[in-house]
Amino acid sequence: MKKYAIVGCGRLGTALARYMADAGYSPAGFASRGLASAKRAAAVSGSDAPVSLLPWEVTPGADIVMITTPDGAIRETAEKIAEYQGVKKDTVVLHCSGAHASTELEALRRCGAKTGSLHPLQSFAAENVEKNPFVGIMAAVEGEPEAVKTARSLAENLGAGPFEIQTDKKMLYHASAVVASNYMVTLMNLALQLIIASGVPASRGFAILKPLVQGTLSNIERAGIPGALTGPIARGDVETVRDHISEISAKAPTRLELYRLIGKHTIEIAEARGDLTGEAAGELKKLLSEPDR
Ligand SMILES: NC(=O)c1ccc[n+]([C@@H]2O[C@H](COP(=O)([O-])OP(=O)(O)OC[C@H]3O[C@@H](n4cnc5c(N)ncnc54)[C@H](OP(=O)(O)O)[C@@H]3O)[C@@H](O)[C@H]2O)c1
């Protein structure tokens with residue numbers, strides 16, 4: 001049975017503490033900036049494994065060390081563990097940052113550890129771990145081959161789907177995740193502000209738009225991009241887009257810049273579909289580029 005240690009017992013570290021134990025890994029110890037967090041992680045793992053403020057006191061007994069401190073503390077934590085020779089040769093050390101690559105763990109690699117990263121594509125909002133948050137999600141893995149192998153099987157044992165990314169392209173992968181998740185929030189905010197400006201009560205806005213958004217996601221899955229694109233830009237309906245701009249300009253002027261910007265990028269997709277004529281595309285480009293039209 002592989003032994004694991006968690007360093008940084010916050011939202012993700014606590015979930016790992018619980019669900020790695022459930023998946024058959026054996027707790028070797030828990031370290032955090034405060035003892036209360038480390039004790040909570042030990043408790044949810046159902047073990048009496050040691051807890052400490054000093055990571056190198058709990059990591060030597062582990063086959064897998066998960067560093068789940070905030071991103072900014074990963075490198076320094078790895079350097080400290082290395083300084084105190086806190087890992088055995090061939091111990092797999094993984095961090096869980098989406099933006100940073102396994103190169104943050106260079107100090108431990110030099111000590112003989114196998115280093116990698118495992119980024120679960122999930123939002124861990126609280127240390128409440130009643131429901132397994134790993135089931136059905138995807139997890140990006142990268143790093144040294146032995147670390148990738150361990151990270152893959154860990155993800156699978158937790159119920160997630162692992163996929164490999166290139167170490168030197170990790171930042172682009174993370175930018176993609178930010179657009180898919182965070183910018184989706186921004187896009188929904190724009191849609192909600194416009195529907196509220198149209199007179200729909202704020203309390204009903206989301207429920208009204210939700211089936212449309214879900215249908216669009218299904219269409220993207222089924223027909224791909226650009227097959228899923230519908231609406232005035234796809235149809236080359238210049239007059240409707242002109243009317244949108246005029247109404248937004250009058251009733252929600254601070255929203256116009258974003259409407260125009262996304263519209264401009266939507267033209268590219270409509271052109272790729274092949275049913276937007278050159279003339280309509282030209283008109284739409286002008287309309288969406290010129291603030292005074
Ligand atoms: N939350 C998410 O949705 C999510 C999703 C995917 C990946 N991640 C990644 O997971 C990692 C952890 O994120 P999180 O959201 O779980 O953060 P978090 O809730 O803030 O937890 C981080 C924990 O690290 C501890 N800590 C801080 N500095 C430390 C240090 N120098 N040494 C040891 N422990 C330290 C803190 O301890 P105390 O509580 O003891 O003060 C805190 O509990 C990050 O790399 C993040 O990018 C997070």
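Ligands are counted one by one from 1 in listed order, and the atoms in each one are counted from 1 as well.
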Report the residue from Arg109, His95, Glu144 that forms a side chain to side chain donor-acceptor pair (under 3.5 Å) with Thr115. Glu144
Does the plane of the ring in Phe134 sit parallel, tilted or perpendicular to the ring in Phe124? Use 30° and 60° as the thresholds. tilted
Has ligand 1 got any nitrogen or oxygen that is less than 3.5 angstrom from a nitrogen or oxygen of Ile74? no
Nearest heavy-atom pair of Gly116 and Leu105: which atoms, and what distance? O-CD1, 3.5 Å
Residue Glu164 excluded, over 12 heavy atoms near CD under 6.0 Å: yes
What protein heavy atom sits nearest atom 30 (C) of ligand 1, and how far off is it? Thr69 CG2, 4.0 Å
Of the listed options Ile67, Leu12, Asp71, closest to atom 16 (O) of ligand 1 (non-hydrogen atoms): Leu12
Could you tell me, atom by atom, which parts of ligand 1 come under 4.0 Å of a heavy atom of Ser97? 45 (O), 47 (O)
Under 4.0 Å from atom 13 (O) of ligand 1, is there any protein heavy atom? no
Heavy-atom nearest neighbour in the protein, as seen from atom 1 (N) of ligand 1, with distance rounded to 0.1 Å: Phe124 O, 3.2 Å
Heavy atom of the protein closest to atom 5 (C) of ligand 1 (residue, atom name, distance): Gln122 O, 3.3 Å
With heavy atoms only and a cut-off of under 4.0 Å, state how Cys9 meets ligand 1: side chain, backbone, both or neither. backbone
Per atom 24 (O) of ligand 1, closest listed option by heavy atom (Pro70, Ala125, Gly10): Pro70
Measure the distance from atom 38 (P) of ligand 1 to every protein heavy atom, then report the residue, atom name and distance (to 0.1 Å) of the closest one. Ser37 OG, 3.3 Å
Which ligand 1 atoms does Pro120 reach within 4.0 Å, using its non-hydrogen atoms? 6 (C)
Member of Ile74, Thr68, Thr69 meeting the side chain to side chain contact (heavy atoms under 4.5 Å, CB included) criterion with Cys96: Thr68
Carboxylate-amine/guanidinium proximity below 4.0 Å for Arg110 and Glu106: yes
Quick note on ligand 1: atoms under 4.0 Å from a heavy atom of Ser123 include exactly 3 (O)
Contacting atoms of ligand 1, where contact means under 4.0 angstrom from a heavy atom of Thr68: 12 (C), 22 (C), 23 (C), 24 (O)
Look at atom 31 (N) of ligand 1 and say which protein heavy atom is nearest, naming residue and atom and giving the distance to 0.1 Å. Ala73 CB, 3.9 Å
For Val241 and Tyr259, the nearest pair of non-hydrogen atoms, with its separation, is CG1-OH, 4.2 Å
Check each of Arg11, Arg33, Met66 against atom 34 (N) of ligand 1 and report the one with the nearest heavy atom. Arg33
Within-cut-off N or O pair, His119 and ligand 1, under 3.5 Å: no
Under-4.0 Å salt bridge between Lys285 and Glu271: yes
Heavy-atom closest contact (Ala107 atom, Ala78 atom, distance): CB-O, 4.2 Å
Heteroatom distance test (Val7, ligand 1): nitrogen or oxygen, under 3.5 angstrom: no
Audit row: Thr150, Lys2, side chain to side chain donor-acceptor pair (under 3.5 Å) steps and yes/no: CA-CA 10 Å; Thr150 299; Lys2 291 217 157 142; 4.6 Å; no
Shortest non-hydrogen pair, Ile64 vs Thr91, comes out as N-CG2, 4.4 Å
Hey, is Arg242 close enough to Glu239 for a salt bridge, meaning N to O under 4.0 Å? yes
Nearest protein heavy atom with distance in Å, relative to atom 37 (O) of ligand 1: Ser32 OG, 3.0 Å
Top protein contact for atom 9 (C) of ligand 1, by heavy-atom distance: Cys96 O, 3.3 Å
